[in-house]
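All remarks here apply to the structure that follows.
Order of the sequence lines fixes the chain letters, A, B, ..., with proteins taken first and strands second; residue numbering starts at 1 for each chain.
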There are 2 protein chains.
Amino acid sequence: MAEEPRSNRRPSMSDVARLAGVSQTTVSFILNDTPGNSIPHETRERVLAAIRELDYRPNVSARNLRTQSTNLIGYGFDDPGGVVSHPVLDQFLYSAILSLEEAGYHLLTFVAGQRTDTAVYEELHRRGQVSGYLVANTNDNDPRIACLLANNIPFASFGRANDEWAFAWADVDGISGMTQVVAHLAARGHRRIGLITWPEGSKAGSHREEGYAEGLRAAGIAPDPAWLFRGENSVQTGAAGLSHLLTLPDEQRPTAVACVSDLIAVGVLNAAAAAGLAVGRELAVTGYDDSALAQFLHPPLTSVRQPIAAIGRHLVAALLAQIRHDPIPVQGVLLEPELIARASSGELGIRN
Amino acid sequence: MAEEPRSNRRPSMSDVARLAGVSQTTVSFILNDTPGNSIPHETRERVLAAIRELDYRPNVSARNLRTQSTNLIGYGFDDPGGVVSHPVLDQFLYSAILSLEEAGYHLLTFVAGQRTDTAVYEELHRRGQVSGYLVANTNDNDPRIACLLANNIPFASFGRANDEWAFAWADVDGISGMTQVVAHLAARGHRRIGLITWPEGSKAGSHREEGYAEGLRAAGIAPDPAWLFRGENSVQTGAAGLSHLLTLPDEQRPTAVACVSDLIAVGVLNAAAAAGLAVGRELAVTGYDDSALAQFLHPPLTSVRQPIAAIGRHLVAALLAQIRHDPIPVQGVLLEPELIARASSGELGIRN
DNA sequence: TGGTATTAGTAATTCGTATTAGCAGTGTAA
DNA sequence: TTACACTGCTAATACGAATTACTAATACCA
């Protein structure tokens with residue numbers, strides 16, 4: 001029997017070569033524009049025609065094996081699964097995926113289980129499944145970052161960790177964001193400003209708290225510990241926080257409440273409505289993240305918009321540079337957020 | 001020069017074999033428990049010890065190339081990127097990832113661009129990057145499903161499409177869900193029940209509308225077209241919907257409003273508060289999805305809980321069966337949702 | 001005229017694993 | 001005693017592409 005091109009198999013480079021009457025090497029040269037090889041136009045056309053005819057596609061596994069590389073980047077979910085869906089992370093991932101795809105990479109998502117369980121990060125890399133990682137939601141002494149650094153695995157992180165660790169990160173300046181919020185509120189005449197924030201121990205939280213303190217200082221306001229309320233990132237926390245603040249005596253009770261997330265602010269808005277308080281007139285409320293909700297709430301929520309898409313693009317660039325061993329210094333970058341003023345912090349166009 | 005085990009390379013099976021004094025074949029047999037081969041305990045131990053000593057990990061690309069397989073499943077985001085974050089999908093993905101990982105698979109996420117652009121689906125599969133797909137958010141004539149069926153690519157979908165297409169899907173019975181809602185409202189004495197739903201053309205939407213109609217019929221209520229309001233899935237739509245319903249004359253104005261999503265219900269809750277309506281007492285409101293928000297809203301939101309994690313597990317099982325060519329019939333399965341009654345549809349424990 | 005470059009390729013090897021075919025030695029049933 | 005099966009392995013090959021090393025033919029220059 002003659003050698004039939006096994007037709008139930010996807011065509012390989014050799015099939016293309018046979019059809020075009022050249023060697024497999026030549027096909028490879030053409031497909032990769034391998035430098036140092038001259039292929040006349042006519043031959044190239046013949047090969048390209050064969051590729052089109054067979055509808056050939058290169059095999060990813062073969063290429064990865066040969067080049068000892070990977071076209072995958074890992075991303076670990078540590079969230080216990082959509083219990084709280086995280087718009088900011090969703091947006092970050094989306095922009096990261098887009099940037100990765102432009103460079104021919106894809107994102108492999110996995111569940112990281114316990115935050116402290118870094119085995120998966122080592123494992124996926126050692127098996128040659130991923131070339132590096134994107135990490136989000138970082139903290140001081142973050143075990144994932146410690147692990148990646150120790151194993152010399154390329155990564156880039158959305159968020160900082162210990163200052164003495166040198167790695168590629170990008171972050172939004174939470175200090176600046178919250179300072180802007182307080183300045184905005186102070187400019188509208190508020191002198192007693194509450195803050196509803198997360199439990200202690202989160203890097204992002206402490207930055208925003210620092211910005212709050214800085215804002216008060218800049219406005220010449222003496223901070224009052226009673227203005228601070230802490231809770232998990234939930235609507236409930238916002239409601240509980242407002243209840244707490246409303247129990248304070250008149251002369252101590254805040255006229256404005258800043259929240260470290262829109263989700264918490266939604267709780268404040270709800271509770272204010274339930275208490276018969278007119279938000280924007282009797283009470284100013286601000287959120288953080290400028291999520292899709294914010295502009296459609298009643299009243300529309302003043303919030304802080306973070307350049308999330310830019311973070312995604314930046315981190316992907318930094319990560320791929322490491323993987324390619326580009327001589328680009330591994331370093332962090334801090335981006336500025338932008339205050340989006342809406343009615344919840346006082347009617348637009350009206351200064352009191 | 002003697003042959004040094006090149007130390008800056010990750011150890012391969014041959015390195016293990018050399019250290020254990022056996023052939024690479026034997027190591028492979030041991031690692032894969034290849035049937036039909038007898039390896040005495042002592043040899044096995046020796047090889048396992050070598051594996052431990054070298055901290056060997058098999059190379060994914062090599063294995064995939066040799067076995068002509070893949071340990072990846074694709075999932076395409078069609079959402080334009082976190083503009084609206086989708087808690088149900090997040091939850092679905094999380095449970096799917098967990099199930100996949102149990103079976104040694106991982107999830108590759110990509111951006112599908114236009115819903116009609118199915119090229120990526122073909123491409124990733126033909127390049128041998130993924131073994132199949134999980135598809136969500138389906139619709140009638142869904143081009144993605146048409147493409148996957150036409151190319152005979154394994155997949156499983158969260159949601160149905162054309163009834164005449166045979167493929168593996170799992171879905172939650174939206175008809176049942178909304179029927180339960182209306183029955184619940186009718187049982188509390190409501191005779192005029194509004195529905196705020198999505199624009200026409202979505203499969204999920206029309207099921208829920210059908211359930212609404214069915215619920216009215218079962219309660220002996222004549223439907224009124226004026227009770228129906230349509231809009232995108234947003235808080236804004238809820239607010240606009242309630243405004244519309246409140247413009248109706250007294251004898252036509254609904255005393256209860258069912259929404260096809262919690263997000264929309266949040267808008268209704270906000271608008272009701274703004275209008276001075278006491279939700280739960282003067283107006284009943286229900287959501288759908290039982291998202292994390294629901295129980296913390298004011299008042300807590302009656303909603304419909306869908307067995308999302310079960311869907312994820314089921315679809316992964318169905319998909320992997322196809323990939324393994326298990327003789328399991330390719331078919332769909334419809335799961336029952338559960339009504340979670342809370343205060344927004346009338347004070348708990350009180351029947352009027 | 002010889003020597004070197006350039007052009008247009010090809011053959012052979014490699015990446016790391018899975019798998020097929022087979023071999024030497026022992027036991028065992030006919 | 002032969003045939004056969006089983007044990008405990010190994011050698012060789014294939015998967016599909018990238019890469020290195022090479023060749024044959026022509027061109028160019030002195």
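- Residue contacts shown for A/Arg127 are absent, as no nucleic acid heavy atom lies under 4.0 Å away.
- Backbone-only engagement by B/Arg57 is indicated by non-hydrogen atom pairs under 4.0 Å involving sugar-phosphate atoms exclusively.
- Ring geometry for B/Phe92 against B/Phe158 counts as tilted: the plane angle lies between 30° and 60°, on a 0 to 90° scale.
- Put simply, CD on A/Glu42 is 12 Å from C1' on C/dA8, counting in whole angstrom units.
- Evaluation of atom-type donor-acceptor distances gives no pair under 3.5 Å for the side chain of B/Thr25 against the base of C/dA18.
- The residue A/Thr34 sits apart from the nucleic acid: no heavy atom pair falls under 4.0 Å.
- B/Phe29 pairs by the ring-ring contact (aromatic ring centres under 6.0 Å, His included) definition with nothing, not counting sequence neighbours.
- Residue-level contact check: B/Thr67 touches the backbone only, with heavy atoms under 4.0 Å from sugar-phosphate atoms and none from bases.
- Residue-level contact check: B/Ile39 touches neither bases nor backbone, having no heavy atom under 4.0 Å from any strand.
- With hydrogens and angles ignored, a donor-acceptor pair under 3.5 angstrom links the side chain of B/Arg66 to the base of C/dA18.
- Using a 4.0 Å heavy-atom distance criterion, B/Val22 is classed as a sugar-phosphate-only contact.
- Residue B/Ser23 has no polar side-chain atom (N or O) positioned under 4.0 Å from OP1 or OP2 of D/dA11.
- In this structure, B/Thr26 does not reach the D/dC9 phosphate: none of its side-chain N or O atoms is under 4.0 Å from OP1 or OP2.
- For B/His41 and D/dT7, the NE2 to P distance is 17 Å, given to the nearest whole Å.
- When the C1' atom of C/dT14 is taken as reference, atom CG of A/Asn64 falls 15 Å away, rounded to whole Å.
- Nearer the 5' end of DNA chain C, as judged by each residue's closest nucleotide, is the contact made by A/Pro40, out of B/Met13 and A/Pro40.
- Looking at heavy-atom distances under 4.0 Å, A/Asn32 makes contact with sugar-phosphate atoms alone, never a base.
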Inset, instruction - I would like to know whether A/His125 and A/Thr70 meet side-chain contact (heavy atoms from CB on, under 4.5 Å); could you show each step before the answer? - result: CA-CA 10 Å; A/His125 183 255; A/Thr70 280; over 6 Å; no
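- Residue B/Asn37 is the one, among B/Asn37 and A/Asn37, whose nearest nucleotide of DNA chain D lies closer to the 5' end (criterion: closest heavy atom).
- Residue B/Gln24 places no side-chain N or O under 4.0 Å from the OP1 or OP2 atom of C/dT19.
- With rounding to whole Å, B/Leu31 atom CG is found 12 Å from C/dG16 atom C1'.
- C/dT7 atom C1' lies 14 Å from atom CZ of A/Arg44, rounded to whole Å.
- At the phosphate of D/dA18, neither OP1 nor OP2 sits under 4.0 Å from any side-chain N or O atom of A/Gln68.
- Between A/Asn162 and A/Asn141, the side chains place a donor N or O and an acceptor N or O closer than 3.5 Å (distance only, hydrogens not considered).
- For C/dG16, one of the phosphate oxygens OP1 or OP2 lies less than 4.0 angstrom from a side-chain nitrogen or oxygen of B/Arg9.
- Here the P atom of nucleotide D/dG8 and the CZ atom of B/Arg46 are 13 Å apart, to the nearest Å.
- The residue A/Ser61 sits apart from the nucleic acid: no heavy atom pair falls under 4.0 Å.
- With hydrogens and angles disregarded, no donor-acceptor distance shorter than 3.5 Å links the side chain of A/Arg313 to the backbone of A/Leu98.
- Whole-Å rounding puts the A/Ile30 CD1 to D/dT19 P distance at 16 Å.
- Nucleotide D/dA18 holds its P atom 10 Å from the CZ atom of A/Phe29, rounded to whole Å.
- Each of D/dA17, D/dC15, D/dA18 was ranked by its minimum atom distance to the side chain of A/Ser12; first place goes to D/dA17.
- Within the 3.5 Å criterion, the main-chain N or O of B/Ser95 finds a donor-acceptor partner in the side chain of B/Ser99.
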